[in-house]
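To keep things clear, I will list the structure first and then write my remarks on it.
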Amino acid sequence: MDDVILGGSTARELAHRIAQGLSVERLTPALERFPDGELHVQLEADVRGRGVLVVQSLAAPCGEALLELLLMLDACRHAGAGPIRCVVPYLGYVRQDRRRSPGEALGGKVLAKSLDAAGPSEVMVVDLHTPAAEGWFNSALTHLSAVPLLVGAVRNWLPPDAVVVSPDLGAAKRAETFSEATGRPYAIIRKVRHSATEVVVRDVLGDVRGRPALIVDDMISTGGTILAAARALRDAGVERIGVAVTHGLLVGPALESLELAQIERLWMTDSIPHHGPMPFPTEVVPLTPLLVSALRAPRGR
Ligand code: R5P
């Protein structure tokens, strides 16, 4: 269905691997930044009449990555490409899913409307922070789960007496899914967020004492949630801690926080590219098999 793959600056390697998996040509658009900071995107090949797949993750800075994605979609549309699909392995802004106080913007919905307006025939995403965000899109949306890949990756580490831990109420469903897939019990931490970087744990619900713990979440941003959860678990008698997440944003003090949390191992997918060395054992779980198989699946049923 796709004749050519266009990789944005936050997903070049992923786009390359998808192109290999689908055996299609990959293009890298020319990206220029004007002196005032404006982005300029230029396709350097004729895509008229060709099916195009645009791949871009909303890695930090999220707004810039989004704008680049919108510009790539616009360039394809005006160049006469069609159909145009996009894969956004990490879709940012979805944490802005409700108004906690009057006057707040619904950032996630604004983002969905912007993407719709760019006119892709399909948007493919992985592990949305809020599954209900699917309803914000008018474009056809394919929402994939990386949980089976992560479950496969943690199996060799996961001791028989381990407990799966949700670091907040929001990740409880995910913990339940991991628990069912691995046959381990699960526990839930109740956390309160005071600001974007400050979280406090209220209590740990479930039997964790003396057990190795696998904390599961959709993302690590600053690492505050994982650090608070790890401290609460240690206070509750846990010594060994692993962490498995889909999106490793790892911004701000994340690496320091994870080091302080003394985690034994981190598993995260390549929805966000990372290049630097990690200060603790880390396994990057490739999304390519999941994406390639979903992209190959017949449409229109
Ligand atoms: C919150 O509901 C999310 O699922 C994550 O727990 C949170 O966004 C992680 O952020 P941070 O790493 O900054 O605590």
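One is the number of the first residue; the rest follow in order along the sequence. Order of listing sets the numbers, starting from 1, for every ligand and every atom in it.
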- Query: Is Asp203 paired with Arg190 through a side-chain N to carboxylate O contact shorter than 4.0 Å?
  - Reply: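 Judged by the 4.0 Å cut-off on N to carboxylate O distance, Arg190 and Asp203 do form a salt bridge.
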
Atoms in ligand 1 with a heavy atom of [X] nearer than 4.0 Å:
X	value
Asp217	4 (O), 5 (C), 6 (O)
Asp168	1 (C), 2 (O), 6 (O)
Arg95	8 (O), 10 (O)
Arg193	7 (C), 9 (C), 10 (O), 11 (P), 14 (O)

In the protein, which heavy atom is nearest to [atom], and how far is it?
atom	answer
atom 1 (C) of ligand 1	His129 CE1, 3.6 Å
atom 14 (O) of ligand 1	Thr225 OG1, 2.5 Å
atom 13 (O) of ligand 1	Thr222 OG1, 2.6 Å

- Task: Quick one: closest heavy-atom pair of Ala229 and Val201, and the distance?
- Result: N-CG2, 4.2 Å

- Item | Shortest non-hydrogen separation from Asp168 to Ile188 and the atoms involved |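 For Asp168 and Ile188, the tightest heavy-atom pair comes out as O-CG2, 4.2 Å.
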
- Message: Can you confirm whether more than 12 heavy atoms, excluding those of Arg193, are under 6.0 Å from its CZ atom?
- Response: yes

- Can you hop from Val200 to Ile189 via hydrophobic side chains spaced under 4.5 Å?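 No.
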
- Is it possible for you to say whether Val52 and Val123 belong to one hydrophobic cluster, with membership spreading through side-chain heavy-atom contacts below 4.5 Å? yes

- Distance only, no hydrogens: is a donor on one side chain within 3.5 Å (strictly under) of an acceptor on the other, for Ser9 and Glu68? yes

- Just checking, is any N or O donor in the side chain of Thr130 or Arg98 under 3.5 Å from an acceptor N or O on the other one?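 No, no side-chain donor-acceptor pair sits under 3.5 Å.
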
- Given that the side chain starts at C-beta and the backbone is N, CA, C, O, which of these parts of His247 lies under 4.0 Å from ligand 1, counting heavy atoms, or is it both or neither?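 Answer for His247: neither.
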
- Query: Which bit of Lys191 is near ligand 1, meaning a heavy atom under 4.0 Å away: side chain, backbone, both or neither?
  - Reply: side chain

- Message: Taking a cutoff of less than 4.0 Å between a non-hydrogen atom of the residue and any ligand atom, is Asp218 in contact with ligand 1?
- Response: yes

- Message: I'd like to know if Gly223 contacts ligand 1, where contact means a heavy-atom distance under 4.0 Å to any ligand atom.
- Response: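 So Gly223 counts as touching ligand 1.
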
- Ile220, any N or O under 3.5 Å of ligand 1 N or O: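 Between Ile220 and ligand 1 (N or O atoms, distance only) the closest approach is not under 3.5 Å.
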
